[in-house]
Amino acid sequence: MIWWRRVFLPVQVPPRAARAILDTEAEALRADDGALHHRLVSIREEAGLPEEISALRVFDVIAWMDGKNRRLGEPSDLER
């Protein structure tokens with residue numbers, strides 16, 4: 001498991017790959033004058049969450065929920 005800039009990645013990821021993932025996320029949060037960051041902060045506020053919850057954590061939960069709803073990460077029907 002890797003800690004990178006206080007972000008926990010709960011999978012075994014080579015450090016270079018982890019850096020590439022997090023750098024890509026950071027770029028996305030800064031793009032278009034921070035449009036994605038501002039949207040995530042807005043979602044956090046709408047959910048009534050405290051400011052201690054980062055925009056990146058909001059994104060993480062949304063991505064997890066989307067993957068869970070699409071049943072990503074589960075064995076395929078062929079593997080069952």
Side-chain angles (χ1 to χ4, degrees):
M1 293 187 223
I2 295 173
W3 284 89
W4 182 260
R5 295 183 189 168
R6 298 177 54 181
V7 176
F8 178 67
L9 299 175
V11 293
Q12 295 294 328
V13 178
R16 280 190 163 167
R19 172 88 189 219
I21 292 167
L22 295 173
D23 285 349
T24 301
E25 290 173 353
E27 288 174 25
L29 289 169
R30 289 190 300 261
D32 299 321
D33 292 321
L36 176 58
H37 180 266
H38 294 300
R39 179 63 181 129
L40 293 168
V41 168
S42 174
I43 291 169
R44 179 187 67 202
E45 291 170 354
E46 290 175 32
L49 298 170
E51 289 183 18
E52 291 82 18
I53 305 299
S54 70
L56 185 58
R57 179 64 178 145
V58 173
F59 175 80
D60 178 46
V61 171
I62 291 170
W64 171 78
M65 290 173 67
D66 181 62
K68 184 177 178 189
N69 289 340
R70 290 200 265 160
R71 302 181 76 176
L72 299 178
E74 292 184 7
S76 69
D77 290 334
L78 296 175
E79 296 172 341
R80 290 183 192 173

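Note that the numbering runs from 1 along the sequence shown for the chain. Heavy-atom basis, side chains included; hydrogens, waters and symmetry copies ignored.
- Inter-residue side-chain proximity for Leu40 and Ile62 is flagged as met; some heavy-atom pair is nearer than 4.5 Å.
- Interatomic distance, CG of Leu49 versus CZ of Arg44, reported as 8.0 Å (0.5 Å rounding).
- One distance of note links CD1 of Ile53 with CD1 of Ile43; it measures 14.0 Å at 0.5 Å rounding.
- Of all the heavy atoms in Val41 and Ala55, the pair that sits closest is CG2-CB, 4.3 Å.
- Criterion: ILVMFWY side-chain heavy atoms under 4.5 Å apart, direct or through other members. Under it, Leu29 and Phe59 are part of a common hydrophobic cluster.
- Minimum heavy-atom separation, Glu25 to Leu56: OE1-CD1, 3.5 Å.
- Summarising the local packing, CD of Glu46 is surrounded by more than 12 heavy atoms from other residues, nucleotides or ligands at distances under 6.0 Å.
- A side-chain donor-acceptor contact under 3.5 Å links Thr24 to the backbone of Ala20.
- Screening residues 54-65 for side chain to side chain donor-acceptor pair (under 3.5 Å), with sequence neighbours left out, gives Arg57-Asp60.
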